[in-house]
Trainee: 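Got a structure here, written out as structure tokens. Questions coming.
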Amino acid sequence: MILDPILDLFRGKAVTIPPMDGTLRPNNLLEEADVRLAVEAPDNLAATAGKVVFSSGGQVLELGKRKNAKPRIIAAFDSAVSALAVSEAGLLAVGLDAGSIEILGPGKARRHIDGFGCPVAITFAGEHDVFVCDGSRQHRPANWAMDLMEKNALGSVWHLSLSSGERKCLAQGLAFPFGIVMDPGAGRLIVSEAWRHRLVAIPAGGGEPLPVLTQLPGYPARLSPRRDGYLLSLFAPRNRLIEFILSEDDYRADMMREIDPRYWIAPSLSSSRSFLEPLQCGGVRTMGIHKPWSPSRSCGLVVELDAELQPVASYHSRANGTRHGVTSAILHEASILAASRGGDAILSLRPSSEVARP
Amino acid sequence: MSPIIEMQKVTKAYRGVPAIRDIDFVLERQEIHALVGENGAGKSTLTKVMAGVVEATSGRMLYRGREVAYASPFEALSDGIAMVFQETSLVPSMTVAQNIYLGSEKFLNRLRGVNVAAQQFLQSLNFTVSPTAPVASLGAAKRQMVEIARAVHHKAEVIIFDEPTAALTPEEKRYFFALMKRLKASGVSVVFISHTLEEALSEADRITILRDGEKVAEGKASDFTRDEVVHAMVGRTLSGEIYKTRRSLAQIRKPGAKVLSVQDISMGNAVRNNSFSIFKGQITGIFGLVGSGRTETFKIITGIYKRDFLRGGDIKLDGRPVRYNVPAEAVKDRVIYVTEDRKSEGFFETMSIAENFYSGLLAAGLERSHIIDFAEMRELAADWSKRLNVKAINENARVIELSGGNQQKVVIGKGLIQKPRLVIFDEPTRGVDVGAIAEIHQFINKLADDGLAVVVISSYLPEVMNLSDRILVFRQGRVVEEIPPVEATQEKIMYAAVH
């Protein structure tokens, strides 16, 4: 109705969140998954030629072949590693919290690229082209919660040519682009825009982002290819309390000014480690019991997408679980590996195509 | 002792086309007799002849051994034969008590006295209906109760029920059958038409089966099996076709894009913070008991009802927020709701099949020209009658003259003509015979196979389990459980709906 926009001023805006149903119907598959490696805060996973590498703190490590085998340190940095990618030939691109990208070649070859504020996702296209998600112009990767609370949309996607050294901005004004994957058939990049809870497609040569999957019930993180589709990890769920806080500017400004960021009412990578944390519904134990059906500030969620970017299966760790804050998932040798940053573990899952389940 | 009703070689023809042919029918005293058959088999016509609603073209009817030919239902009622119709014939603006006493009022009436008498009478039947409530405010089940109470009140010796249990909940059905047995014990003979074969087999003493206007079988209910009844009704065994218990993983369609996202919608106490999604290329089955807010939720979505003015939630169609103020806006967005109450909301009963189909086209603004194009109307009617297998003399037949199943097909066709992207079927097979159920199910499946988002609201568990690619269970105004069909059992769904 033509008067609806005016009436909405009186009606008040409802704070609503898309439900987790259909293929996103909660289960415990992530919670019950095998632990491939218990390691502190694993973040970005990448694989090439039968080798899996991952980042943890300021290190890049190689995952052992066997379960719980000690990982081999490939590289160590002074700053925390915020993004990681590996090319087919084994070239490693490492984004650092300090704002630079390091390209590590075979042997000791190393190249330093400056000028990024917040490199949070990287992908290779061949050996000479790299695409980078710069999450925010304002904040470093570790301060992502601040970027959300400021409701920034200062992210951008870049193309770096390793052969010519040129760089080109493909898209900007993105609300924390946190994952990137190439869709080679369509000549486009699929990018997850965390604060807008959606995936967008950006032409590989640059152009307007086109939403391809919207209304996600969580904050999308990194993307990776799988057979006939993609894997998407969501690092935290949306909940009505946080959506409400995001609509209350004065309250948010006071909270950010006066309260330690660890205790903000904001999405989180893990829960229930301190009684000082803000009330987070299901994340709080009552008489020693979590309520898994209640909303929480953190969860674990990995989603399989088909080639049309529609969810076809999902793996959850719910409010009463511990495998939360999954920031990266990849397909490796018929298994899905998921990095639970909040749960300090790399998990191994059987893909839905091999499991007879709804 | 002679039977209470005996019909000999009764034929009734409409415009020369016989609806029933040479039927012999016997109703014994103190007997519960079930009449079963596909839609269009002639069950309603046969009972209408008994109750004086229509006159037989030929044949004889004996009541207590005396030949009768009723010219009106009033004559039949005066003689002791009452009929409770499928679509209730109550006066909506009058109270329950006034409806019960309608036609048997004294010269001077005291409203309080009528109310008190009605209250006592309803209590004696174990019906929880307020005698002072206007009938318009009652739901389908309670209207049915009032209709039954009215028939019982007229002290009829023969009561004919046309689809009495279609609108009743399982608990209400138990009350109804207990009442039927009490009526029988008090000397009343009962004829009831039912499409639920389990009811006919378990509650009736004898069964008569009609097919294409002829009697094909008759006998003691205990002598029949379910498959035998179905076979006699349709001439083939449909039982397995319709009531497959559970779908395998391979049969379940994968979801397409999210077409509809309902987020925290509320409407008073009927719908409370309800959230769910509907996906393209899938049938989403909705189950819930009467009063669980299923119909209300989808009526809000399609603009028939209004959600709460303040913070009533969000509805997103293909990611775009929508708030339909009238159903026409939903139709323009190609969202179609196929009603559960076909007679009052589904079609124009005095108009022809062709005109009804064409009205669907007009509502969506898809007609070829701004003036009524009769050629287009005829083409449309021929095309959709063929697609949906509407059985009628021709497309100019009035919808009211069709059987329940064919009426339902017209209602479905009228919606589908509007080229929907989301179709919501509310009780699509209520009051529809077994043969038409199979056809409607096939058609609904085809819609999902063609990539449409389909919602089927049903109170009949086997139907929900058989059709759905995902099952949502409603209770107290919201979705309380989503059950994948491979995990679904009747007990599991009912448990979610009740607890």
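A note on names: the letters A, B, ... follow the listed sequences, proteins ahead of strands, and every chain is numbered from 1. As a basis for the values below, the full set of heavy atoms in this structure was taken, side chains included, without hydrogen atoms, waters or symmetry mates.
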Trainee: Counting only heavy atoms closer than 4.5 Å, note whether A:P211 contacts chain B via side chain, backbone, both or neither.
Mentor: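 For A:P211, there is no contact with chain B at all, as no heavy atom is under 4.5 Å.
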
Trainee: Hey, does the side chain of A:D21 reach the backbone of B:S277 with a donor-acceptor pair shorter than 3.5 angstrom?
Mentor: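 Yes.
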
Trainee: Taking side chain as everything from C-beta outward and backbone as N, CA, C, O, which of these in B:V262 sits under 4.5 Å from a heavy atom of chain A? Side chain, backbone, both or neither.
Mentor: backbone

Trainee: Take a 6.0 Å sphere around NZ of A:K151 and say whether it holds more than 12 heavy atoms from other residues, nucleotides or ligands.
Mentor: yes

Trainee: So what's closer than 4.5 Å to chain A heavy atoms on B:N273: side chain, backbone, both or neither?
Mentor: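 For B:N273, the side chain is the part near chain A, not the backbone.
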
Trainee: Could you pull out the closest heavy-atom pair between A:R25 and B:P484, with the gap in Å?
Mentor: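 Reported closest heavy-atom pair: NH1-CG, 3.3 Å.
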
Trainee: Using a 6.0 Å cut-off, check whether atom CD of A:Q215 has over 12 heavy atoms from anything other than its own residue.
Mentor: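 More than 12 heavy atoms, drawn from other residues, nucleotides or ligands, come within 6.0 Å of this atom.
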
Trainee: Using modelled atom types and a 3.5 Å cut-off, is there a donor and acceptor pairing between side-chain atoms of A:Q310 and backbone atoms of B:P255?
Mentor: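 No: the side chain of A:Q310 does not pair with the backbone of B:P255.
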
Trainee: If you measure only the distance, is there a donor-acceptor pair under 3.5 Å linking the side chains of B:D314 and A:T16?
Mentor: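 Per modelled atom types, B:D314 and A:T16 side chains form a pair under 3.5 Å.
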
Trainee: Got a sec, which residues hit side chain to side chain contact (heavy atoms under 4.5 Å, CB included) with B:E345, two or more places apart in sequence or on another chain?
Mentor: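 B:E345 satisfies side chain to side chain contact (heavy atoms under 4.5 Å, CB included) with B:K299, B:T339, B:D341 only.
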
Trainee: Based on non-hydrogen pairs under 4.5 Å, which of B:G319, B:G312, B:G313 is most in contact with chain A?
Mentor: B:G313

Trainee: Could you look at B:F279 and say if it's the side chain, the backbone, both or neither that has a heavy atom under 4.5 Å from chain A?
Mentor: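 For B:F279, side-chain heavy atoms alone lie under 4.5 Å from chain A.
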
Trainee: Before you tell me yes or no, could you show the steps for B:K254 and A:D306 under side chain to side chain contact (heavy atoms under 4.5 Å, CB included), namely the whole-Å CA-CA distance, both residues' side-chain angles and the distance that decides it to 0.1 Å?
Mentor: CA-CA 11 Å; B:K254 291 218 161 65; A:D306 65 13; over 6 Å; no

Trainee: Where is the tightest heavy-atom contact between A:P19 and B:K258, given as atom of each residue plus distance?
Mentor: O-NZ, 4.4 Å

Trainee: Count the heavy atoms of every other residue, nucleotide or ligand shown that sit under 6.0 Å from CG of A:D250, and state whether that count exceeds 12.
Mentor: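 Count not over threshold, so no.
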
Trainee: Show every salt bridge (charged side-chain N to carboxylate O under 4.0 Å, His left out) that has at least one partner inside residues 267-288 of chain B, sequence neighbours left out.
Mentor: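 Of all non-adjacent pairs touching residues 267-288 of chain B, none passes salt bridge (charged side-chain N to carboxylate O under 4.0 Å, His left out).
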
Trainee: Is B:D449 atom CG crowded by more than 12 heavy atoms from other residues, nucleotides or ligands, each under 6.0 Å away?
Mentor: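 Counting neighbours around CG of B:D449, more than 12 heavy atoms of other residues, nucleotides or ligands fall under 6.0 Å, so yes.
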
Trainee: Taking side chain as everything from C-beta outward and backbone as N, CA, C, O, which of these in B:K316 sits under 4.5 Å from a heavy atom of chain A? Side chain, backbone, both or neither.
Mentor: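 It is the side chain, since no backbone atom gets that close.
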
Trainee: For the residue pair B:E482 and A:G22, what are the closest heavy atoms and their distance?
Mentor: OE1-N, 3.0 Å

